[in-house]
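Working notes for the structure below.
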There are 2 protein chains.
Amino acid sequence: MTPDQALGIAFSFFNEVGIVNQLSSALLQKRLGNGFTVAQFSVLNHLIRVKDGQTPMALASAFQVPKTSMTHSLTKLEQNKLIELRSNPKDGRSKCVWITEAGKNYRETTIASLSGDIARLSDKLDFDAIQQALPVLQQVRQILDEDRNED
Amino acid sequence: MTPDQALGIAFSFFNEVGIVNQLSSALLQKRLGNGFTVAQFSVLNHLIRVKDGQTPMALASAFQVPKTSMTHSLTKLEQNKLIELRSNPKDGRSKCVWITEAGKNYRETTIASLSGDIARLSDKLDFDAIQQALPVLQQVRQILDEDRNED
DNA sequence: CCTATTTAGTACGAAATCGAACTATAATAT
DNA sequence: ATATTATAGTTCGATTTCGTACTAAATAGG
């Protein structure tokens with residue numbers, strides 16, 4: 001495989017990833033309604049999928065966004081009582097982000113509401129193929145993630 | 001496959017797509033520097049990858065963004081002479097978006113500058129697996145795209 | 001035709017995102 | 001210990017994104 005071929009494949013791949021992300025985010029945004037953004041929901045989801053109790057800085061790093069953007073998202077989530085910001089006992093400079101029961105419920109309800117969309121598309125989507133593509137995405141994610149941490 | 005399994009697979013898939021998109025967009029943003037955004041570059045790329053001469057409305061629809069957002073992106077690109085906005089001879093209300101030579105050159109140069117990133121990752125990335133995952137992404141894209149057009 | 005409705009784009013204000021500067025605390029060096 | 005440097009978070013202003021209202025042109029119905 002020549003470098004040019006690799007670049008072409010990678011560029012096509014990331015291009016498709018971008019489009020699929022736009023389309024799926026739009027689906028999610030519809031379900032979220034006007035209350036929250038996809039970014040805010042993603043933080044909530046991350047707190048469950050990975051863990052909560054992390055600092056805002058750790059979340060900003062995980063999402064590859066400036067800490068000021070994360071502060072904004074967390075403020076909105078806290079105002080709606082979906083998360084709690086407590087002081088960090090181990091570091092007086094920072095805080096810890098904990099998801100509330102209301103936050104867990106909101107996440108569960110939102111995911112469940114997406115089942116209608118999946119059901120509507122279930123006879124068209126090839127879930128076996130999607131399942132097989134998942135490890136590829138995870139591997140690419142891991143490699144890109146390690147790469148950016150090599151600063 | 002139960003509906004719950006399908007929902008789980010789909011949710012994991014779209015979640016990974018979102019993360020990979022964040023990471024790859026960050027790589028691209030680094031190469032773009034402070035001059036342009038990923039959104040603006042994506043428009044430029046679309047004009048080549050699909051076709052130019054389209055109306056701003058068609059582009060807004062393709063990118064699933066409000067027309068006001070597209071107007072803003074196009075204004076920035078036009079100010080930097082990477083595109084031209086001409087009146088539409090077939091419709092006095094609308095315009096046509098054409099990429100300039102400078103726009104083509106900028107896109108080519110940017111893509112070429114990404115070859116360094118790909119080369120750095122080339123011994124870790126499995127391009128064969130990525131190539132095999134590409135049709136899956138394209139199929140999912142097509143299905144989501146058709147679905148949203150059924151309004 | 002002529003009116004009513006729809007559509008493309010713009011103007012404007014609100015919210016989200018981001019970078020730079022600042023404060024407070026922690027870690028490090030001497 | 002004390003001074004220096006680094007880090008976490010906030011504040012503030014600029015850019016991007018977006019929804020609503022508006023204008024101009026095309027389409028549809030009578």
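By convention in this document, chain letters (A, B, ...) are assigned in the order of the sequence lines, proteins followed by strands, and residues within each chain are numbered from 1.
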- Who passes side-chain hydrogen bond (donor to acceptor under 3.5 Å, both in side chains) against E16(A), sequence neighbours left out? R141(B)
- Is the closest side-chain donor-acceptor distance between Q138(B) and Q142(B) under 3.5 Å? no
- Item | Listed partners of D52(B) passing salt bridge (charged side-chain N to carboxylate O under 4.0 Å, His left out), at least two apart | none
- Yes or no on salt bridge (charged side-chain N to carboxylate O under 4.0 Å, His left out) for D147(A) and K124(B), after CA distance, side-chain angles and deciding distance? CA-CA 10 Å; D147(A) 180 65; K124(B) 295 180 181 176; 5.9 Å; no
- Query: What parts of residues 39-50 of chain B reach DNA chain D, counting only heavy atoms under 4.0 Å away?
  - Reply: A39(B), Q40(B)
- Query: With K81(A), which residues qualify under salt bridge (charged side-chain N to carboxylate O under 4.0 Å, His left out), at least two apart?
  - Reply: none
- Query: In terms of hydrophobic clusters joined by side-chain contacts under 4.5 Å, are F13(A) and I48(B) together?
  - Reply: yes
- Message: Restricting to salt bridge (charged side-chain N to carboxylate O under 4.0 Å, His left out), what partner residues turn up for R49(B), sequence neighbours left out?
- Response: none
- Query: Within the side chain of Q29(B), is there an N or O that forms a donor-acceptor pair under 3.5 Å with the backbone of F36(B)?
  - Reply: yes
- Listed partners of E84(B) passing salt bridge (charged side-chain N to carboxylate O under 4.0 Å, His left out), at least two apart: R86(B)
- Item | Whole angstrom value for the distance that separates P of dA8(C) from CG of L59(B) | 13 Å
- Task: Can you sort out which residues in residues 76-97 of chain B have a heavy atom within less than 4.0 Å of DNA chain D? Ascending by number, please.
- Result: K76(B), D91(B), G92(B), R93(B)
- Query: Is the backbone N or O of A112(B) less than 3.5 Å from a side-chain atom of S115(B), with the two atoms forming a donor-acceptor pair by type?
  - Reply: yes
- Is a donor on one side and an acceptor on the other found under 3.5 Å between the side chain of S113(B) and the backbone of T110(B)? yes
- pair S12(A)-L134(B): side-chain heavy atoms closer than 4.5 Å: yes
- Note on the structure: What one should report as the nearest heavy-atom pair of I99(B) and L44(B) is CD1-CD1, 3.7 Å
- Just how far, in rounded Å, is P of dT25(C) from CE of M57(A)? 19 Å
- Kindly write out the residues that satisfy side chain to side chain contact (heavy atoms under 4.5 Å, CB included) with T2(B), not counting sequence neighbours, or none if the list is empty. D4(B), Q5(B)
- Item | Sorted by number, the residues of residues 65-74 of chain A with heavy-atom contact under 4.0 Å to DNA chain D | K67(A), T68(A), T71(A)
- Query: Within the side chain of N88(B), is there an N or O that forms a donor-acceptor pair under 3.5 Å with the backbone of K90(B)?
  - Reply: yes
- DNA chain D: first to last nucleotide in contact with chain B (atom under 4.0 angstrom from a heavy atom), 5' to 3', is dT16(D) to dA26(D)
- Query: Is a side-chain donor or acceptor of Q139(A) paired with a backbone partner of V136(A) at a separation under 3.5 angstrom?
  - Reply: no
- Salt-bridge contact D117(A)-K30(A) (side-chain N to carboxylate O under 4.0 Å): no
Distances under 3.5 Å only, N/O to N/O: pair up the protein atoms with those of nucleotides 1-3 of chain C.
none

- Query: Through what angle, rounded to 10 degrees, does the axis of the helix from dC1(C)-dG30(D) to dT30(C)-dA1(D) turn between its ends, using five pairs per end?
  - Reply: 30°
